[in-house]
Number of protein chains: 2
Amino acid sequence: MEEKSISDIIEKYLKSILADDEKVEIRRAEIANHFDVVPSQINYVIKTRFTLQNGYLVQSKRGGGGYIRIERVNLIDDVDVLDMLINTIGQSLTENDAFTIVQTLYAEKVISQREGDLMLAALSKETLSVSARQDADRLRARVLVAFLNRLRYES
Amino acid sequence: MEEKSISDIIEKYLKSILADDEKVEIRRAEIANHFDVVPSQINYVIKTRFTLQNGYLVQSKRGGGGYIRIERVNLIDDVDVLDMLINTIGQSLTENDAFTIVQTLYAEKVISQREGDLMLAALSKETLSVSARQDADRLRARVLVAFLNRLRYES
DNA sequence: AAGATTAAGGTCAATATTAGTCAGAGATGG
DNA sequence: CCATCTCTGACTAATATTGACCTTAATCTT
């Protein structure tokens, strides 16, 4: 909960904008300068905190007049986005990535906290580590996709 | 009840904070330094005194701005139904038996219908049939036990 | 129009900063 | 003396930060 690292602070700043608007467009160097970090740290923040699994789409353009645009998307209601997410999950999924996705579902009020906790219980390393880690990751992908499809048909 | 060991003292310190607040967030090295012990002893204290059975949830993050967070949770009153069901399950569980147990949970009002549907999505033959049927049955037992254990408390 | 220059953002690997694990040494109580 | 609890430190793992080098796009020069 505490924002201890600069990355956390930048994340919070961007999300505070995204709380009001559905998307935000930044100039990387500007943000980097404002928070006194190297520009590539902005990429790090985006890569670790604004993934599709987190519920965000990111587009960018280089060269003169370049930008980075972050857009909040709805994982379940938007069929295309959900398909993209399932596609991203693919055949294998780590515990961390699963955790991120469930958190996003909760943040978007798609599921209750209790439902999320139950999902995480099923997706946890401890529960699924019945064999090799790779098997567990494959299984985790299947279980989470099953959850997502279940949610899809309800909404 | 004298506090003989440093571990006891650290435990008491953390619990005195948790008496006021629902959760406490520490930096491991800081606490270790304050009580003049090696950092890993903090892990020892947490592992032996802040277990889920004792009513505590622990989360942590490594790297810059890392932390350890301890949260008090409420253990639910009647774990009788859960214990009984866990005993019934054992090492292996068919889809039909899983279905029956989830129905029982719903009938006993331990879970909502939606929660039951999500559970069944994870427990279904289709989701778990990643290998031989016997492996799937074993896995199903683990997943359902994980669900039941998660229902023991509320955060 | 072609090439040069400028103005963005992207990638990756090295380093820094935390916390986690585990085996064994040390202490304590029966 | 044995069992169990406590404590330590070497090694591991995860996350954050930085900077050198790369790619892309727009604009300027000729």
Side-chain angles (χ1 to χ4, degrees), chain A residues 1-14 23-54 56-71 93-100 103 124-126 129 133 136-137, chain B residues 1-14 23-54 56-71:
Chain A
M1 289 307 189
E2 318 287 300
E3 288 81 29
K4 283 296 196 166
S5 66
I6 280 274
S7 290
D8 287 338
I9 294 172
I10 297 171
E11 170 192 8
K12 197 180 175 191
Y13 168 74
L14 294 174
K23 56 182 163 182
V24 58
E25 195 171 298
I26 62 171
R27 285 183 47 235
R28 188 180 75 154
E30 209 167 71
I31 299 294
N33 186 63
H34 183 257
F35 289 100
D36 198 28
V37 297
V38 295
S40 62
Q41 180 148 9
I42 308 304
N43 296 90
Y44 174 74
V45 171
I46 287 173
K47 202 174 173 185
T48 54
R49 291 150 163 89
F50 292 90
T51 65
L52 182 59
Q53 312 192 339
N54 287 113
Y56 298 94
L57 272 184
V58 179
Q59 300 164 303
S60 64
K61 199 172 93 171
R62 308 187 189 188
Y67 57 81
I68 300 177
R69 184 177 347 185
I70 308 174
E71 185 181 356
L93 186 70
T94 67
E95 187 180 40
N96 266 350
D97 286 343
F99 185 83
T100 300
Q103 260 198 331
S124 84
K125 199 182 297 181
E126 202 186 357
S129 73
R133 195 182 74 98
D137 286 352
Chain B
M1 217 42 172
E2 311 287 305
E3 286 82 27
K4 287 293 184 83
S5 66
I6 283 272
S7 290
D8 286 337
I9 295 172
I10 297 171
E11 171 192 10
K12 198 179 175 190
Y13 168 73
L14 293 174
K23 57 183 164 183
V24 58
E25 195 170 298
I26 62 171
R27 285 183 48 234
R28 188 180 74 154
E30 211 167 70
I31 298 295
N33 186 62
H34 184 258
F35 289 100
D36 198 29
V37 296
V38 295
S40 62
Q41 179 150 6
I42 307 304
N43 296 94
Y44 173 73
V45 171
I46 286 173
K47 203 173 174 185
T48 54
R49 291 152 163 88
F50 291 90
T51 64
L52 188 55
Q53 303 228 315
N54 281 323
Y56 297 95
L57 265 190
V58 179
Q59 299 168 299
S60 64
K61 197 168 99 170
R62 306 185 193 188
Y67 57 80
I68 300 176
R69 178 162 44 213
I70 307 174
E71 185 181 358

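A note on names: the letters A, B, ... follow the listed sequences, proteins ahead of strands, and every chain is numbered from 1.
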Is it the case that atom CD in A:E25 sees more than 12 heavy atoms from other parts of the structure closer than 6.0 Å? yes
Any side-chain heavy-atom pair of A:S124 and A:E95 under 4.5 Å: yes
Hey, does A:I68 reach any base, or is it just sugar-phosphate, or nothing, if we go heavy atoms under 4.0 Å? sugar-phosphate
Between A:N43 and A:S40, is there a side-chain donor-acceptor contact under 3.5 Å, judged purely by atom types and distance? no
Nearest whole angstrom, please: distance from the C1' of D:dG19 to the CD1 of A:I42. 15 Å
To the nearest Å, give me how far apart CD1 (A:I31) and P (D:dT17) are. 16 Å
Expressed in angstrom and rounded to an integer, what is the separation of B:K47 atom NZ from D:dT8 atom C1'? 15 Å
Nucleotide C:dA8, atom P - distance to CD1 of A:I26 in whole Å: 13 Å
Please report, rounded to the nearest Å, how far the C1' atom of D:dC7 is from the CD1 atom of B:I10. 10 Å
Rounded to whole angstroms, how far apart are CD1 on B:I46 and P on C:dA19? 10 Å
Contact pattern, 5' to 3', of nucleotides 9-16 of chain D - B, S or - by protein heavy atom under 4.0 Å: B---BBBB
Residue pair A:F50 / A:V45, side-chain heavy-atom distance below 4.5 Å: yes
Among the nucleotides C:dG20, C:dA19, C:dG9, which one has an atom lying closest to any side-chain atom of A:R27? C:dG9
What is the separation between atom CD on B:E11 and atom P on D:dC5, rounded to the nearest whole Å? 14 Å
Residues that B:S7 engages under side chain to side chain donor-acceptor pair (under 3.5 Å), provided they are two or more places apart: B:Q41
What does the list of N/O pairs under 3.5 Å between the protein and nucleotides 27-30 of chain C look like, with a distance for each?
residue	atom	partner	partner atom	Å
C:dG29	OP1	B:K4	NZ	3.3

A:Y67 atom OH is separated from D:dA26 atom P, nearest whole Å, by 10 Å
Using a distance-only test with no angle check, is there a side-chain donor-acceptor pair under 3.5 angstrom linking A:T100 and A:D97? no
If a pair satisfies salt bridge (charged side-chain N to carboxylate O under 4.0 Å, His left out) and one of its residues is in residues 38-54 of chain B, list it, with sequence neighbours excluded. B:D8-B:R49, B:E11-B:R49
Run the ring pair (Phe, Tyr, Trp, His ring centres under 6.0 Å) test against B:F35 and tell me which residues pass, sequence neighbours left out. B:Y13
Not counting sequence neighbours, list each pair that qualifies as a salt bridge (charged side-chain N to carboxylate O under 4.0 Å, His left out) and has a residue in residues 28-42 of chain A. A:R27-A:E30
